[in-house]
Number of protein chains: 2
Amino acid sequence: MSIYIEKNRKTKELIQKSFLQILENKRFESITIGDITKIAQINRGTFYLHFIDKFDLLDQIEQQLFTEIGNHIDELQSRYSFTHAFEKEQEHLANTLFSVIELHSPILQIFLSDHGRAGFHIRFRDAFSEKVRINLEKNEGFNAKLKVPLEYFLSFITSAFLGLIEQWFQNGLDKTSQEMTSLYIDIISFIKRDKW
Amino acid sequence: MSIYIEKNRKTKELIQKSFLQILENKRFESITIGDITKIAQINRGTFYLHFIDKFDLLDQIEQQLFTEIGNHIDELQSRYSFTHAFEKEQEHLANTLFSVIELHSPILQIFLSDHGRAGFHIRFRDAFSEKVRINLEKNEGFNAKLKVPLEYFLSFITSAFLGLIEQWFQNGLDKTSQEMTSLYIDIISFIKRDKW
DNA sequence: GTACCAATAAACAACATGTTGAAAATTCAG
DNA sequence: CTGAATTTTCAACATGTTGTTTATTGGTAC
């Protein structure tokens with residue numbers, strides 16, 4: 001019995017892997033089931049035993065990715081004792097996020113590019129927002145001080161963050177996650193201090 | 001002769017219009033040429049007299065949109081005499097952008113959604129960045145004060161801006177462009193003043 | 001009237017899709 | 001070890017989409 005489960009899992013994994021491999025060089029829209037099964041060296045019909053269609057395939061990969069990234073963030077965050085100054089906590093959260101992004105950069109780069117699927121950046125940002133919201137709301141009185149609707153502030157700050165990540169990718173990951181954190185802090189400081 | 005040009009132009013416009021109409025309810029990926037020509041009530045072959053394929057169709061609409069938006073921004077900006085304080089200029093630019101966005105919101109909402117095409121938000125942001133860059137560099141000494149690479153700062157701030165726009169759309173355009181400008185100013189002020 | 005042009009209609013091969021029934025591989029009871 | 005049951009894989013099929021082509025229609029230009 002168990003060898004079937006294992007085999008099934010392996011085939012499914014093979015399909016996902018082959019698909020991601022093709023996605024590096026070809027837009028999602030123009031990839032066919034045949035392309036995938038040819039690389040995976042399986043029958044085209046086998047594909048349909050594991051996925052409804054290619055949209056389902058991407059959905060499942062996307063869902064896995066969000067789960068993995070979420071878990072990573074939670075793990076890295078939990079290792080941090082919450083007795084630091086608020087600025088330090090912000091810096092730590094930023095560093096956590098950049099680290100996790102770096103870890104998953106191969107897939108994220110593709111998904112955020114024009115080879116990926118429309119709307120990914122919004123779904124990704126929403127997942128991001130949730131983590132940031134939790135962190136911000138630990139700061140008591142935050143909502144009182146903020147005069148604009150929270151959803152707008154979250155969209156603003158998480159999009160800005162995502163913008164840095166996209167630029168980081170566009171520059172071919174030219175910096176470490178530590179350097180990206182510093183860069184982020186520098187930008188916030190610049191906005192706070194200077195006229196621009 | 002001129003009536004031929006006119007007829008040709010009208011048919012091309014009809015195709016674009018019909019396509020956008022379908023795009024409101026269906027993802028770009030799953031729209032067929034047949035869908036479009038059925039709505040436009042023309043022969044399927046006629047489509048190919050005007051466009052290479054559906055990707056070409058979207059490319060042309062996207063290009064037109066960027067040109068139109070760019071022209072609108074330039075026009076609104078040029079009406080403003082540049083003798084104001086720097087903060088006022090920033091506010092004016094923001095207001096200009098929100099106004100133009102509002103004007104083109106029907107198409108932009110679709111293009112930024114998951115019905116659109118992957119990578120649109122990056123191409124849109126790049127076009128945006130150019131306008132913001134020109135405005136920022138009017139402030140002499142800006143580059144000297146900024147310690148981080150300009151491209152990162154631009155990505156940061158234009159993505160943040162785009163984030164507000166996306167949230168605005170998501171809330172069903174619940175505010176006027178004036179209110180959005182105020183909201184933007186409030187967020188910048190909040191970041192400057194408060195710990196968060 | 002003749003040359004010209006946009007749009008149409010119909011047909012085509014090539015390819016992609018999703019389904020199905022048969023075949024091969026694997027497990028396990030006796 | 002063997003045969004029945006179960007699971008995975010596959011080849012073939014019907015259907016739909018794509019982009020191209022050829023002949024034809026209804027106008028316009030000169």
Side-chain angles (χ1 to χ4, degrees), chain A residues 1-64 110 114-118, chain B residues 1-64 110 114-118:
Chain A
M1 184 61 149
S2 67
I3 208 167
Y4 279 129
I5 295 176
E6 182 62 12
K7 198 174 185 184
N8 194 287
R9 198 189 58 75
K10 280 224 165 183
T11 304
K12 187 165 181 174
E13 215 173 88
L14 177 65
I15 293 173
Q16 292 184 333
K17 241 178 163 173
S18 306
F19 169 67
L20 287 175
Q21 190 188 319
I22 299 170
L23 203 57
E24 285 176 31
N25 306 312
K26 208 170 178 179
R27 314 181 84 108
F28 171 71
E29 306 149 320
S30 53
I31 294 176
T32 66
I33 314 291
D35 290 337
I36 299 166
T37 54
K38 206 168 119 188
I39 294 291
Q41 300 195 47
I42 56 167
N43 187 274
R44 203 167 57 79
T46 307
F47 176 91
Y48 293 99
L49 295 173
H50 297 276
F51 305 96
I52 299 169
D53 50 27
K54 69 172 181 168
F55 300 100
D56 181 42
L57 168 59
L58 198 62
D59 280 347
Q60 288 195 31
I61 294 177
E62 192 176 307
Q63 211 46 60
Q64 273 173 237
I110 299 171
D114 55 2
H115 281 197
R117 196 174 175 189
Chain B
M1 186 58 151
S2 67
I3 207 165
Y4 285 130
I5 295 176
E6 184 60 13
K7 194 177 183 183
N8 194 290
R9 196 189 60 75
K10 278 225 165 181
T11 303
K12 188 165 181 173
E13 214 172 271
L14 177 64
I15 294 172
Q16 292 183 333
K17 241 179 163 172
S18 306
F19 169 67
L20 287 175
Q21 190 187 320
I22 299 170
L23 203 57
E24 284 176 32
N25 306 312
K26 208 171 178 179
R27 315 182 84 109
F28 171 70
E29 307 147 320
S30 53
I31 294 176
T32 68
I33 313 293
D35 291 338
I36 299 167
T37 54
K38 207 168 120 189
I39 295 291
Q41 301 196 49
I42 56 167
N43 189 273
R44 199 168 62 82
T46 307
F47 176 91
Y48 292 100
L49 296 174
H50 296 275
F51 303 98
I52 299 169
D53 52 27
K54 68 173 181 168
F55 299 100
D56 180 43
L57 168 60
L58 198 62
D59 280 347
Q60 288 195 32
I61 294 177
E62 192 175 309
Q63 210 46 59
Q64 274 172 236
I110 300 171
D114 57 0
H115 282 197
R117 198 174 175 189

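A, B, ... follow the sequence lines: proteins, then strands. Residue 1 opens every chain.
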Quick one: [X] [atom1] to [N] [atom2], roughly how many Å, whole number?
X: A:R9; N: D:dT7; atom1: CZ; atom2: P; result: 18 Å
X: B:E6; N: C:dA7; atom1: CD; atom2: P; result: 11 Å
X: B:E29; N: C:dT17; atom1: CD; atom2: C1'; result: 16 Å
X: B:I5; N: C:dC4; atom1: CD1; atom2: C1'; result: 14 Å
X: A:I31; N: C:dT17; atom1: CD1; atom2: P; result: 11 Å
X: B:L57; N: D:dG19; atom1: CG; atom2: P; result: 12 Å
X: A:I15; N: D:dC10; atom1: CD1; atom2: C1'; result: 14 Å
X: B:F51; N: D:dT20; atom1: CZ; atom2: P; result: 15 Å

[X] has a side chain; which of [options] sits nearest to it?
X: A:I42; options: C:dT8, D:dC10, C:dT17; result: D:dC10
X: A:Y48; options: C:dT8, D:dA29, C:dT19; result: C:dT19
X: B:I33; options: D:dA11, D:dT28, D:dT18; result: D:dT18

Legend entry - Exam field: side chain A:H115 to backbone A:I110, donor-acceptor pair closer than 3.5 Å: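 Side chain of A:H115 to backbone of A:I110, a donor-acceptor pair under 3.5 Å: no, none is there.
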Would you say [N] has OP1 or OP2 under 4.0 Å from some side-chain N or O of [X]?
X: A:T46; N: D:dT8; result: no
X: A:T32; N: C:dC15; result: no
X: B:N43; N: C:dA9; result: yes
X: B:H50; N: C:dA7; result: yes
X: A:N8; N: D:dT8; result: yes

Inset, instruction - Report the distance from atom CD1 of A:I61 to atom CG of A:D56, rounding to the nearest 0.5 Å. - result: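 Atom-to-atom, A:I61:CD1 and A:D56:CG are 10.0 Å apart.
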Inset, instruction - First locate atom NZ of A:K12, then atom OG1 of A:T46, and finally report the distance between them rounded to the nearest 0.5 Å. - result: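 Rounded to the nearest 0.5 Å, the NZ-OG1 separation comes out at 14.0 Å.
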Legend entry - Result of checking B:Q60, B:Q21, B:Q64 against B:Q16 for side-chain hydrogen bond (donor to acceptor under 3.5 Å, both in side chains):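 Among B:Q60, B:Q21, B:Q64, the one that satisfies the side-chain hydrogen bond (donor to acceptor under 3.5 Å, both in side chains) with B:Q16 is B:Q64.
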Legend entry - Given B:R117, B:R27, B:K54, the one that forms salt bridge (charged side-chain N to carboxylate O under 4.0 Å, His left out) with A:E29: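 Considering B:R117, B:R27, B:K54, a salt bridge (charged side-chain N to carboxylate O under 4.0 Å, His left out) with A:E29 is found only for B:R117.
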Inset, instruction - Return the 5'-most residue of the pair B:G45, A:R44 with respect to DNA chain D, ranking by each residue's nearest nucleotide. - result: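 Taking each residue's closest nucleotide, the earlier one in sequence belongs to A:R44.
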Inset, instruction - Find which nucleotide of DNA chain D each of B:K7 and B:I52 is nearest to by heavy atoms, and output the residue with the more 5' nucleotide. - result: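 Nearer the 5' end of the strand: B:I52.
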Inset, instruction - Let me know, please, whether A:F47 or B:K12 comes out on the 5' side of the other along DNA chain C by nearest nucleotide. - result: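 Its nearest nucleotide being more 5', the pick is B:K12.
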